[in-house]
Amino acid sequence: MWSTRWSRRRMILLCIWATLVFLLQSAVSVKEHDFKKCDQSGFCKRNRAYADDVSAQSSIWTSPYDIIPESASFKDGQWQAVIIKTINNGERVRFPVTISLLKSGVARVSVDEEKRQKKEIELRHNSKARKERYNEAQDWVIVGGLDLDKQAQVVFTDKSHASIKYGDDGKFEVVIHFSPFELEFRRNGETHIKFNDRGFLNLEHWRPKIEKEGESAGSDEGNADAKRKTNGAEDESTWWDESFGGATDSKPRGPESVAMDISFVGYEQVFGIPEHTGPISLRQTRGGDGNHNEPYRLYNTDVFEYELDSPMTLYGAIPFMQAHRKDSSVGVFWLSAAETWVDIVKEKDSKNPLSLGKTSKSTQTHWISESGILDAFVFLGPTPQDLTKKYGELTGYTAMPQEFSVGYHQCRWNYISDDDVKDVDRRMDKYKIPYDVIWLDIEYTDEKKYFTWDPHSFADPVGMGEQLDAHGRKLVVIIDPHIKKVDDYSVSTNLLSKDLAVHNKEGEIYEGWCWPGSSNWIDCFNPKAIEWWKTLFRYDSFKGTLANTFLWNDMNEPSVFNGPETTMPKDNLHFGQWEHRDIHNINGLTFHNASWEAMASRKKGERRRPFILTRSFYAGSQRLGAMWTGDNQATWEHLAASIPMILNQGISGFPFAGADVGGFFGNPEKDLMARWYQAGAFYPFMRAHAHIDSRRREPYMLGEPYTEILTKTLRLRYSLLPAWYTAFFYANRDGSPIVRPMVWTHPSEESGFSIDDQLFLGTTGLLVKPIVEKDKFSTDIWIPDDEIYIDYNTYQVLKTQKAKRVTVEAAIDAVPILMRGGSIFPRRDIPRRSAAAMRFDDYTLVVVVAKDGSAEGDLYADDGDTFDNEKGQYIYRKFRLADNVLQSTEAEGRDLKSIKPGEWLQAMREVRVDRITIVNAPASLDRKECQVQSEGRAQSVKVEYHAAEKGRAAFAVIGRVGVRIGEDWSIQLA
């Protein structure tokens, strides 16, 4: 009997092992054909066809959506009415519409469906799902900026249209056309954005399923052709159920998509809607040379070895699109958590008789979401800074990070033991290579059970963490949302007994496959699930973790190896009985949020900033941590693709972004490693990562000269940490990107809008263009203005011209960096092992004098760990050079004497300005000393002056200066 049971058990284990091998092999080989194209997604195909039909009949077409004039009302900045949709049989469907004019100058348009609102529909398959359209996305995404503009005024209304002015001095205006329903958004009398001007608005209303003679209740890919559009009737083949890749979606509510055309009038280029690969300026999607044939898809999915320059879906979704032209920027945020597709075409505008024969282009977009209400925010700029600031007011700004997280992170799948981790830590010190964090992927766990340690490989996690802590370093461990289903695992048994997991369409707990094998998924839409999740991270619960342990959330799209498109079935049910189709794109955000709450409450009374990396994200995820671009490849092409992807994240509100340095899949050649580290040194989030099958590639493994090249690059990153942290402060304060594309920094220079291979670092004036091509030792940098530009390393003055390119040499050990005249930026120049070791080092200031003799810059610093900065415990300085006087002042004019210094601020009293390097220095500094005034005292400091020669700028080194970094001071330079 025993041997029979053993044989059966062995057979089961072998079957499980074989299934896992198949699933993992399938995952690694995922390509574009494993994911839907528009014509394989029923609602996308229907709406694209609808648009084609409308376009074909444009001369006779009339949109079936009309406002009932008598239903309109306006109060306190909010206009409400009812849209009537007239369908073929004469039936009229009611859609309540609300246009909210917000104090910020943003407009919001919301459209719901009355019958579903009132729950006057029937669900198929005895479904337990909600009857309403999903309307709770704002609860997860919007955190502010919704105050109504009670000064907004209706300036005209009759039976055909209404006009409302809003915003500062009433410079914004929305014109509401009643029949057919159409919106125009104007700034200073000029139309910039139109809704439904092409008539693509399509709100799929509820209708009962009528079984036709000879039609089976089910559906699969084989019988779909039998239900195609015939004799002009609507194509119902994907209304009631739909199959792809062997999985069938039951669709208990029937068709419910929302779609609308949005035109950016007079704007030829649009940007945003990450996450996709490709240029920052989005391509057209209706074919033609250099264009895509598919719409951009927003549907968070686990995509291994993703395609380059593709509109296909990736891990995250931010449906925020911006349009830019010379000195004018506008945007739209489409708040839908459901699968969404966006078509883009560009059409010539009619000739303006005043334009001297010139024509411009407008960008016409078509937004298509599977479910939910229609909810869109309109931003009328006029600057890129206005867009990112107002978007951030709605969705939140980037969290101030843990200071260590701005340093270098060392990771791979997987470090094999605690001894391995300690050895890497020791060897990084032996080779004097700075780093701050070492990471553990899934293999650290006991048989893929999160919150456990492998008892053989990681027998002493505390000792490992203590060694790292002694060296000022941190540990990041991975925790994913799938929980291994096994009886002897308390996390699993509690998840199930407390009923905190996602359910299937029958209402039972959903079971699927991921790394552990059979798994269940925590439902972080459930407040009780969040409270339970918080208990698991306490130091006494997650034994082996210390105060220097932080977190990585992966696979949270969610990734399900045996699910449709490697994710969860759309008819699964979440808390509140919402279908997964309704909330899919914010699922990752909810898990990220639960983890943030857990990390923030690990110990009673401990208020420290969490650091959490996420793979899946949505608008609002920037409030919670960092993201990275997923499973890239160790190729030059993927290196090049990383820069526009990260720049696009920045202007889309989530700038704490990075890509796996060196590439996740494959074994990079040494030159590629050198160039990737140089590019990665200018990612806001810098982490090296590699697949389990990749060769070890820690920097010391490469051998000389490459180990020294990588070390030099990392020291460059660390020397600029004060500038990086200041850039994060501005992202946190007003939504500014941390690394900035030319379209954001120079919105008057249209020739630079599509340039996405170079960047400015915050407010430093450092213009960086990493080399991303093999055997390339120079590059051409586009110069955005008429200011002087000087090589960062050599002080060579470049012969530049506005809107032209200049060639910069860059050997394999150099990254092309230019300093823009007029900039001042802080550094810390003593090489250290980690950011923690630099915490109280003195500062160096670099002043790059402009053509007119001026310069300005800034520094922000806080303890980089707690929330004490919210209580005034920070240093924020403005540096300014004018009229030959260099001075430092309190940036906000605060009375610092009224702020009682805490431990960190008290320690910073002894942190000083060590040296000041002045590049393009005036001849007046050709002397031995200059006077420094600070704290009521004057002192002389030495000056070393180096005259200009052979194309190199004059420069002077002043020091040791010795003034306190947090105090006012001034230096007379002439």
**Student:** Could you check E339, E565, E256 and say which one makes a salt bridge (Lys or Arg N to Asp or Glu O under 4.0 Å) with K570?
**Tutor:** E339
**Student:** Compare all side-chain heavy atoms of V560 with those of W513 and state whether any distance is below 4.5 angstrom.
**Tutor:** no
**Student:** Going through the checks in order, is the side chain to side chain contact (heavy atoms under 4.5 Å, CB included) test met by K505 and Y510?
**Tutor:** CA-CA 8 Å; K505 63 184 179 182; Y510 171 71; over 6 Å; no
**Student:** Within this structure, what is the CH2-CG distance for the pair W521 and N556, rounded to the nearest 0.5 Å?
**Tutor:** 12.5 Å
**Student:** Does a donor on one side chain and an acceptor on the other come within less than 3.5 Å for T566 and D302?
**Tutor:** no
**Student:** When rounded to the nearest 0.5 angstrom, what is the spacing between CH2 in W206 and CZ in R116?
**Tutor:** 8.5 Å
**Student:** Calculate, to the nearest 0.5 Å, the distance between atoms CG and CZ belonging to N648 and F271 respectively.
**Tutor:** 9.0 Å
**Student:** Taking the side chain as everything from C-beta on, heavy atoms only, tell me whether I368 gets closer than 4.5 Å to F200.
**Tutor:** no
**Student:** Say you draw a straight line from NE2 of H366 to CD1 of I344; how long is it, rounded to the nearest 0.5 Å?
**Tutor:** 12.5 Å
**Student:** Say you draw a straight line from NE2 of H482 to OG of S492; how long is it, rounded to the nearest 0.5 Å?
**Tutor:** 12.5 Å
**Student:** Under 3.5 Å, is there a donor-acceptor pair linking the side chains of T567 and E557?
**Tutor:** no
**Student:** Could you walk me through whether D241 and T248 pass the side-chain hydrogen bond (donor to acceptor under 3.5 Å, both in side chains) test, one step at a time?
**Tutor:** CA-CA 7 Å; D241 39 43; T248 299; over 6 Å; no
**Student:** Please assess F617 against Y315 for the test ring-ring contact (aromatic ring centres under 6.0 Å, His included), listing each intermediate value before the final yes or no.
**Tutor:** CA-CA 7 Å; F617 58 87; Y315 312 94; 8.6 Å; no
**Student:** Residues in salt bridge (charged side-chain N to carboxylate O under 4.0 Å, His left out) with R581, at least two apart?
**Tutor:** D249, E370, E579
**Student:** Cation over ring, R615 on W552, under 6.0 Å and within 45°?
**Tutor:** no
**Student:** Just jot down the ring-ring contact (aromatic ring centres under 6.0 Å, His included) partners of H584, sequence neighbours excluded, or say none.
**Tutor:** Y299, H580
**Student:** Looking at CD1 of I210 and CZ of R207, how far apart are the two atoms once the value is rounded to the nearest 0.5 Å?
**Tutor:** 10.0 Å
**Student:** Do T285 and D343 have a side chain donor and acceptor closer than 3.5 Å?
**Tutor:** yes
**Student:** Going by atom types alone, do D631 and Y306 pair a side-chain donor with an acceptor below 3.5 Å?
**Tutor:** no
**Student:** Counting neighbours of CD on Q577 that are heavy atoms of other residues, nucleotides or ligands and sit closer than 6.0 Å, is the number greater than 12?
**Tutor:** yes
**Student:** Does C44 have any disulfide bond (SG atoms under 2.5 Å apart) partners at least two apart in sequence or in another chain, and if so, which?
**Tutor:** C38
**Student:** Is any side-chain heavy atom of M568 closer than 4.5 Å to a side-chain heavy atom of H574?
**Tutor:** yes
**Student:** Do other residues, nucleotides or ligands put more than 12 heavy atoms under 6.0 Å from the NZ atom of K131?
**Tutor:** yes
**Student:** May I ask you to check whether N47 and S257 show a side-chain donor-acceptor distance below 3.5 Å?
**Tutor:** yes
**Student:** Are side-chain N/O atoms of T340 and W367 paired as donor and acceptor at under 3.5 Å?
**Tutor:** no
**Student:** Do other residues, nucleotides or ligands put more than 12 heavy atoms under 6.0 Å from D139 CG?
**Tutor:** yes
**Student:** Do L495 and N520 have side-chain heavy atoms sitting under 4.5 Å apart?
**Tutor:** yes
**Student:** Can you check side chain to side chain contact (heavy atoms under 4.5 Å, CB included) on C524 and N593, steps first, answer last?
**Tutor:** CA-CA 8 Å; C524 293; N593 172 72; over 6 Å; no
**Student:** Could you tell me whether the side chain of T590 reaches within less than 4.5 Å of the side chain of W140, counting heavy atoms only?
**Tutor:** yes
**Student:** Taking the side chain as every heavy atom from C-beta outward, state whether I373 and V258 have any atom pair closer than 4.5 Å.
**Tutor:** no
**Student:** Parallel, tilted or perpendicular, judged at 30° and 60°: which one describes the rings of F304 and F665?
**Tutor:** tilted
**Student:** Between I262 and M260, is a side chain to side chain contact (heavy atoms under 4.5 Å, CB included) present by the stated rule, with each step listed?
**Tutor:** CA-CA 6 Å; I262 299 175; M260 184 170 65; 4.2 Å; yes
**Student:** Quiz question: by atom type and distance under 3.5 Å, do the side chains of R46 and T238 form a donor-acceptor pair?
**Tutor:** yes
**Student:** Going by the rule ring-ring contact (aromatic ring centres under 6.0 Å, His included), which residues pair with W533 if we only count those two or more places apart in sequence or in a different chain?
**Tutor:** F451, F537, F591
**Student:** Checking side chain to side chain contact (heavy atoms under 4.5 Å, CB included) for the pair S694/H691: CA distance, chi angles, key distance, verdict?
**Tutor:** CA-CA 5 Å; S694 297; H691 188 269; 3.7 Å; yes
**Student:** Distance alone, cut at 3.5 Å: any donor-acceptor contact between the side chains of D309 and T277?
**Tutor:** no
**Student:** Check the orientation of Y618 and F333. Use parallel for under 30°, tilted for 30 to 60°, and perpendicular for over 60°.
**Tutor:** tilted
**Student:** Start with the C-alpha gap between D582 and S371, add the side-chain angles, then the distance that decides, and say whether side-chain hydrogen bond (donor to acceptor under 3.5 Å, both in side chains) holds.
**Tutor:** CA-CA 6 Å; D582 298 317; S371 65; 2.9 Å; yes
**Student:** Are R133 and E113 within salt-bridge range, i.e. N to O under 4.0 Å?
**Tutor:** yes
**Student:** Residues two or more places apart in sequence or in another chain: which of them pass side-chain contact (heavy atoms from CB on, under 4.5 Å) with D52?
**Tutor:** R286
**Student:** Are any of the side-chain nitrogens in E443 or K448 under 4.0 Å away from the carboxylate oxygens of its partner?
**Tutor:** yes
**Student:** Pairing donors with acceptors under 3.5 angstrom, does anything connect the side chains of N553 and T614?
**Tutor:** no
**Student:** Could you tell me which residues satisfy salt bridge (charged side-chain N to carboxylate O under 4.0 Å, His left out) with E294, sequence neighbours excluded, listed by chain and number?
**Tutor:** none
**Student:** Using the benzene-type ring in the case of Trp, are the ring centres of H205 and F95 under 6.0 Å apart?
**Tutor:** no
